[in-house]
Amino acid sequence: MNGKKFYITTAIVYTSKVPHIGNTYEAVLADAIARFRRAQGFDVYFLTGTDEHGQKIQDQAKAEGQTPQAHVDAVAGEIRRIWDFMNVSYDQFIRTTNSSHMEIVQKIFKKLYDQGDIYQGSYEGYYCKPCESFFTETQLKDGCCPDCGAKVERASEEAYFFKMSKYAPALEQYILDNPDFIQPESRKNEMLNNFIRPGLQDLCVSRTSFDWGIPVSFDSKHVIYVWIDALSNYITALGYDPDGNSGELFNKYWPANVHLIGKDILRFHTIYWPIMLMALGVELPKQVFGHPWMLFGEDKMSKSKGNVVYAEQVVKLFGVDATRYYMLREMPFASDGSFTYEQIMTRYNGDLANILGNLVSRTHAMTLKYFDSIVPAPGEGAPLDDELRAVAEKALADAVEDMKTLHVADAIDDIWTLLRRTNKYIDETTPWTLAKSEDSRPRLATVIYNLIESIRFAAALLAPFLPDTAARIRAQYNLPEAGIETLAWGALEAGTTLGTAETLFARIDEKALAEQVAAVHAAENEKKEPEKKAPETEKPEGVAMIDIADFAKVSLRVAKILACEPVPKAKKLLKLTLDDGEVGRTIVSGIAPWYKPEDLIGHSVIIVANLKPAVLRGVESQGMLLAADAGDNDVRVIFADGIPAGSSIH
RNA sequence: CGCGGAGUAGAGCAGUUGGUAGCUCGUCGGGCUCAUAACCCGGAGGUCAGAGGUUCAAGUCCUCUCUCCGCAACCA
């Protein structure tokens, strides 16, 4: 123990659905970092958990015919089971429905209110249930939620707001003074330029539209909205107390060394969360790392695309450690990675079976054959031995260095450099030749000793990433558990007897795998189908009936496109000059991704002639043209060629 | 000109302060037999997106252009 503490957290998982492999990745990544720090002698505290409040959960529980509590108990249990299953070594699994968490959050809210950082106001706009977000009229997409496409409702509610702008200058200063605070670096400018510098909006921190949440202690109509509730978990878990009686854990571990989160919620963690802490007078976390996403092939995983992969499906085929290995080794540091079965197959056979597994196996076999499974004492060293030792020590140093900056994939690569070099060492020293003559016995002993020593090094370095595999290697070689900080070449004890040989990773046949993949997916999908359906069907897709009088209010008319040009500084907009049979008009339409100006000029279209004009990107649009949403990002303009301009439509 | 990132062998990526372009996979050829048809060596394959500039020297610095991505804006 070197007396240094290390507090790491993951984002808490929303308990609306079972996490897919991309979500699981975050937990495994945090686990690898936590284990590595522990092996280095840090006093580590690793927090993960679930975010269990909100309207979406309330609605979903209702749809399932159970209480919200029963719903979140089930999902949280499932998430925790997966984490355990993946060998995630968290110290605490916090749930935002824990009474201790809820009490502290109420106190935090009250304190912020009492000191004037939170005030009462009202919120007006369009509300999207699934996203639990308000949108202004201009944010809507075809009258629907711009994020998820669901129908929105006009709503207004009394709400509490957090005065964000007050702390913006201090936050900007903190970000500039602490260059490592936001990682990867590219995100830092994004936050500063897009949000902080243009001016922060006050944040709405309460809701009255649902009640599955933590009540505001002094105003029971209100429930504390996600930000204060969820983000606070990082300190409530440690027993923070706004009244100044924080617990031992808090005093010991806060501030967090790393908040590991998905890149999508970086904004909340690098702006709202630090500001909350400043308001509370609490020290800010040292680093927020927004890790990239794991995509399926080229696509983002999503249920609607039907390409969701669950960690357990992969584990069924490759095992826990191979799945961990793949996630940790294949994901780049700053850009999105992709999951494909071909890739994991290549990694499995190439890295795990051939390079690692085979090395462990052949060395074990030689020790058995030449020394009756007893670790021989080394003799005099040769240049080749020194070289191997140097590579081992460099792998250790490099891995430590890479892990400092959370370059996990690179750290793993460092270990494989050692493994490759060790395989090469066997070819260079040819133990089977040495074994032929009694004269070269001492040399053979040295070679075997060095091989086992190299494997011992690798096993120690591997342990944070592949804990189970490392343990199996130690068992086969009868090695004690070793830390990383204390790892020293030559500390391997001679004279001990090896354990039983065991295949670490059996090679997988490509064809057989393809069949298994299909089988696992079929089974999973069948199992998941019924429960998956329930929450999705709750959204009514229909539009209310209107009578003929309503329709008569809409003036539809044919117009001919005379000219068309892109709107400057707008990606999606085209400016159309139309002959509508009268004075002519200009319409701006968001069809640039699908149509070029020359595709449209000369054609006739149907327009809504009496729509209130609006200014889009500085250009006034006097109406809209009709286009069909042909699904899956395909928009088609409805042409009315041949019909005279100005004809009205009923 | 809204902010930022990226364009390097068939694929996926490294290339720190400018000094012979590298790694893994794949491919072709060879070696070895301790081992999981594994392991080791070698070859082929790159005008480092394009154009200009600074320099004795540019993947690396400067300017411009093109393409892709993230965020923001935007879809009457």
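If you're wondering where the values come from, they're calculated on a predicted model, not measured in any experiment. Proteins come first, then strands; the chains are lettered A, B, ... in the order of their sequence lines, and each starts at number 1. Heavy atoms only: backbone and side chains are in, while hydrogens, waters and symmetry mates are out.
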A.B. asks: Quiz question: going by heavy-atom distance under 3.5 Å, is there a donor-acceptor pair between the base of B/A38 and the side chain of A/N358?
C.D. replies: no
A.B. asks: Measuring to OP1 and OP2 of B/C41, would you say a side-chain N or O of A/K424 lies under 4.0 angstrom away?
C.D. replies: yes
A.B. asks: What is the base-pairing partner of B/G2, counting Watson-Crick and G-U wobble geometry with both distances under 3.5 Å?
C.D. replies: B/C71
A.B. asks: Can you see whether A/F371 has A/R441 sitting over its ring - NZ or CZ less than 6.0 Å from the centre and within 45° of the normal?
C.D. replies: yes
A.B. asks: Does a salt bridge link A/R443 with A/D385, judged by any charged N lying under 4.0 Å from a carboxylate O?
C.D. replies: yes
A.B. asks: How long is the line joining NE2 of A/H364 and P of B/C39, in whole Å?
C.D. replies: 20 Å
A.B. asks: Figure out the CG/P separation between A/N354 and B/A37, and round it to whole Å.
C.D. replies: 9 Å
A.B. asks: Can you check the A/R329 CZ to B/C23 P distance for me, whole Å?
C.D. replies: 14 Å
A.B. asks: Return the value, rounded to whole Å, for the distance between atom OH of A/Y370 and atom C1' of B/A35.
C.D. replies: 10 Å
A.B. asks: Can a salt bridge be assigned to the pair A/D579 and A/K560 using a cut-off of 4.0 Å between side-chain N and carboxylate O?
C.D. replies: no
A.B. asks: Take the protein atom CD1 of A/I508 and the nucleotide atom P of B/U36, then report the distance between them rounded to whole Å.
C.D. replies: 17 Å
A.B. asks: Would you mind classifying the nucleic acid contact of A/S361 as base, sugar-phosphate or nothing, using non-hydrogen atoms under 4.0 angstrom?
C.D. replies: base
A.B. asks: Given that A/G350 and A/G357 both sit by RNA chain B, which one's nearest nucleotide is further toward the 5' end?
C.D. replies: A/G357
A.B. asks: Starting at atom CH2 of A/W416, determine the distance to atom C1' of B/C13, rounded to an integer number of angstrom.
C.D. replies: 18 Å
A.B. asks: Hey, are A/R421 and A/E428 close enough for a salt bridge, meaning a charged N less than 4.0 Å from a carboxylate O?
C.D. replies: yes
A.B. asks: I need the CG-P distance between A/L359 and B/A38, as an integer number of Å.
C.D. replies: 16 Å
A.B. asks: Measure from CG on A/N423 to C1' on B/C41 and round the result to the nearest Å.
C.D. replies: 14 Å
A.B. asks: Taking any heavy-atom pair under 4.0 Å as a contact, classify A/A365: base, sugar-phosphate, or nothing.
C.D. replies: sugar-phosphate
